[in-house]
Amino acid sequence: MSRILIINPILYTSETNQIPKVKSIKDTMIYTLCLGFQKMGHQVTLLAAKDYQPTTEESYDFPIAWMDTVWHKVFLPRCLPYMPKLRSYLKRHPGYDLIIASEVFGTWSYTAARLYPDKTILWQELAKHNNILHKMPSKIWYRTVAGILMRKAMVVPRSEAAASFIRQFMPHVSDICIDHGVNMDKIPPLGQIVKKKRFVVVSQLIARKQIDRTILHFEKFMRQGHSDYQLYIIGKGELEEQLRNLVRERHLESNVHFMGQMAHEKLLPFVAESEAMLISTVKDDNMVSIVESIAAGTPVVTTSVPFTSVYIKRENLGIVADHWNEKALEKISRENDIYVKNCLDYREKVSNTHCAGQFLALRPCNGSH
């Protein structure tokens with residue numbers, strides 16, 4: 001058994017500097033990854049910024065160290081939190097065999113890479129410079145701080161795009177990309193899944209997700225002989241009333257349904273029973289909903305924006321097209337059995353235990369406790 005520390009200050013995305021409060025963090029990507037290490041028999045600890053601590057008291061499967069952040073006007077907690085007590089924490093706990101720190105551009109990653117370069121993995125998601133202050137802090141960080149002072153640490157990209165970006169600055173970049181893992185225990189057993197004439201959207205209802213575009217293309221598909229199909233929209237956001245008005249104006253109330261937020265134990269079976277997940281985003285890097293959909297045996301129709309679109313196209317796990325329309329929905333419906341089989345054949349590669357095993361293979365733990 002090895003001791004593993006995962007430093008991931010930002011547990012979920014905030015669109016503004018006012019970080020929304022949540023009741024639970026158990027459905028987050030990083031919590032799922034921690035469970036993967038634990039399931040493999042390792043002792044794992046998660047270190048996160050206190051700004052993301054849930055409003056209700058939870059019982060966790062492993063220790064979580066909540067850390068205060070400071071100087072919020074400079075180090076915005078939603079994108080670049082600064083935790084000054086991290087260094088002393090790491091010095092007081094030298095027994096970790098493996099440290100995984102999210103993102104090269106982060107004060108927490110710098111601290112881990114400087115103190116323990118031989119056992120730190122920097123898990124890189126970004127594939128371009130951070131936009132803060134016209135990208136200048138990011139450019140300085142990658143070229144000098146990371147390129148010189150953090151160069152001994154190994155970098156593991158989360159996508160091929162992230163790999164291409166970070167190789168410009170860091171010498172030890174893994175050829176293997178590690179995506180976000182899925183807790184397969186929450187996926188319904190294969191024998192219990194029955195596909196329905198249904199498409200699903202799992203998303204914040206905000207502008208960049210282009211839910212209106214998805215609704216209008218679904219309408220065209222439905223009016224071309226598929227009136228028995230349903231579109232379910234799962235999520236909340238500032239555009240909800242506007243989208244509801246669109247559905248009413250187009251007289252789609254019988255076929256388009258708004259489900260609000262849905263707990264994961266209900267969400268994943270719902271996704272598994274759908275023929276496809278629909279994504280029209282214009283700005284997203286990695287989307288947990290995509291890998292969860294694939295793990296549930298549900299193909300994805302998406303723009304090429306998410307980094308996962310690379311292997312969706314390569315493995316034929318759905319349809320990737322920046323301007324997909326009703327023809328894509330017709331194809332994913334007509335050939336659904338083929339796409340579903342491809343997802344089921346690929347699903348183990350997106351499990352949290354598989355991802356945990358990839359980390360351990362890249363930087364084997366030397367000690368046991």
Side-chain angles (χ1 to χ4, degrees), residues 5-15 19 25 27-34 36-37 46-49 52 75-81 98-110 112-113 120-132 135 137-139 141-142 145-147 150 153-170 172-182 203-204 208 279 281-292 294 302-312 349-350 352 354-356 358-359 362-363:
L5 175 67
I6 298 180
I7 307 174
N8 195 101
I10 303 170
L11 296 182
Y12 49 88
T13 301
S14 175
E15 296 297 320
I19 298 172
I25 52 95
D27 290 338
T28 60
M29 172 276 298
I30 207 68
Y31 194 94
T32 300
L33 178 64
C34 291
F37 283 107
L46 172 62
L47 192 149
Y52 295 85
F75 297 99
L76 300 175
R78 75 176 178 90
C79 57
L80 195 62
L98 174 63
I99 299 173
I100 300 172
S102 290
E103 301 301 335
V104 171
F105 184 26
T107 56
W108 58 93
S109 294
Y110 170 81
T120 294
I121 286 178
L122 306 177
W123 196 20
Q124 179 74 8
E125 179 175 15
L126 294 178
K128 58 185 178 180
H129 286 291
N130 190 297
N131 287 324
I132 296 175
K135 302 182 180 179
S138 178
K139 290 179 178 180
W141 185 279
Y142 283 110
V145 178
M150 299 167 65
M154 174 182 284
V155 182
V156 175
R158 305 191 199 193
S159 67
E160 293 178 17
S164 296
F165 173 74
I166 198 60
R167 283 197 181 103
Q168 300 174 70
F169 313 102
M170 303 289 281
H172 306 299
V173 179
S174 166
D175 292 330
I176 296 175
C177 299
I178 302 181
D179 202 347
H180 304 87
V182 177
S203 171
Q204 293 175 282
R208 77 165 191 268
I279 297 168
T281 185
V282 295
K283 184 184 176 183
D284 275 289
D285 293 339
N286 289 308
M287 298 173 63
V288 176
S289 59
I290 289 180
V291 288
E292 288 182 336
I294 292 169
T302 180
T303 59
S304 64
V305 173
F307 296 151
T308 42
S309 66
V310 173
Y311 69 74
I312 290 173
K349 294 181 181 179
V350 296
N352 57 349
H354 180 78
C355 294
Q358 286 180 299
F359 276 114
L362 287 172
R363 178 139 283 181

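Keep in mind that the numbers below use all heavy atoms, side chains included, and drop hydrogens, waters and symmetry copies.
Put simply, the side chain of Asn8 reaches to within 4.5 Å of the side chain of Leu46, judged on heavy atoms. Counting heavy atoms from C-beta outward, Asn130 and Pro137 have side chains that stay 4.5 Å or more apart. In this structure, Gln124 and Glu103 have side chains that are in contact, with non-hydrogen atoms separated by less than 4.5 Å. Looking at Phe75 and Thr107, their side chains come closer than 4.5 Å, going by heavy atoms from C-beta outward. In this structure the side chain of Tyr311 reaches within 4.5 angstrom of the side chain of Val350, judged on heavy atoms. Residues Leu80 and Phe105 form a side-chain contact, since some pair of their non-hydrogen atoms from C-beta on lies under 4.5 Å apart. Proximity of Ser159 to Val310: side-chain heavy atoms (C-beta onward) are nowhere separated by under 4.5 Å. Contact check for Thr302 versus Thr308: no side-chain heavy atoms found under the 4.5 Å cut-off.
Going from atom CD1 of Ile10 over to atom CG of Leu76 covers 9.5 Å, rounded to the nearest 0.5 Å. Between atom CD1 of residue Ile121 and atom CD1 of residue Ile100 there is a gap of 5.5 Å, rounded to the nearest 0.5 Å. Summarising the geometry, atom CG belonging to Leu122 is positioned 5.0 Å from atom CE belonging to Met150; distances are rounded to the nearest 0.5 Å. Once rounded to the nearest 0.5 Å, the distance linking NE2 of His354 with NZ of Lys349 reads 7.0 Å. The structure places CD1 of Ile294 at 4.5 Å from CD1 of Ile312, a figure rounded to the nearest 0.5 Å. Between atom CE of residue Met29 and atom SG of residue Cys355 there is a gap of 10.0 Å, rounded to the nearest 0.5 Å.
Aromatic rings of His180 and Trp123 (six-membered ring for Trp) have centroids within the 6.0 Å cut-off, being under it. With ring centers used as reference points, His129 lies under 6.0 Å from Phe165.
Although no hydrogens or angles enter the test, the distance criterion places no donor-acceptor pair under 3.5 Å between the side chain of Ser138 and the main chain of Lys135. Ser174 contributes no side-chain N or O that, together with a main-chain N or O of Val156, makes up a donor-acceptor pair within less than 3.5 Å. Panel note: side chain Thr303, backbone Thr281; a donor-acceptor pair is recorded below 3.5 Å. No donor-acceptor distance shorter than 3.5 angstrom exists from the side chain of Trp108 to the backbone of Ala48, with no hydrogens or angles considered.
Nearest heavy-atom pair across Arg78 and Ile19 is N-CD1, 4.0 Å. Across all non-hydrogen atoms, the minimal contact from Ser304 to Ser309 is O-OG, 3.0 Å. The minimum heavy-atom distance between Pro81 and Pro77, with the atom names listed, is CD-O, 3.8 Å. Closest approach of Arg158 and Ser102 over heavy atoms only: NH2-OG, 3.2 Å. Contact record, Met287 with Pro306: SD-CG, 3.8 Å, taken as the closest heavy-atom pair. Here the shortest heavy-atom pairing between Ala101 and Ser109 reads CB-OG, 3.5 Å.
More than 12 heavy atoms of other residues, nucleotides or ligands sit less than 6.0 Å from atom CD1 of Ile132.
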Checking Phe169 against Val155 for the side chain to side chain contact (heavy atoms under 4.5 Å, CB included) test, could you report, in this order, the C-alpha distance in whole Å, the side-chain angles of both residues, the deciding distance, and whether it holds? CA-CA 11 Å; Phe169 313 102; Val155 182; over 6 Å; no
Chi angles and distances behind the side chain to side chain contact (heavy atoms under 4.5 Å, CB included) call for Phe37, Ile6:
CA-CA 10 Å; Phe37 283 107; Ile6 298 180; 4.0 Å; yes
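Thr32 and Asn352 share no donor-acceptor pair across their side chains, judged by distance under 3.5 Å alone.
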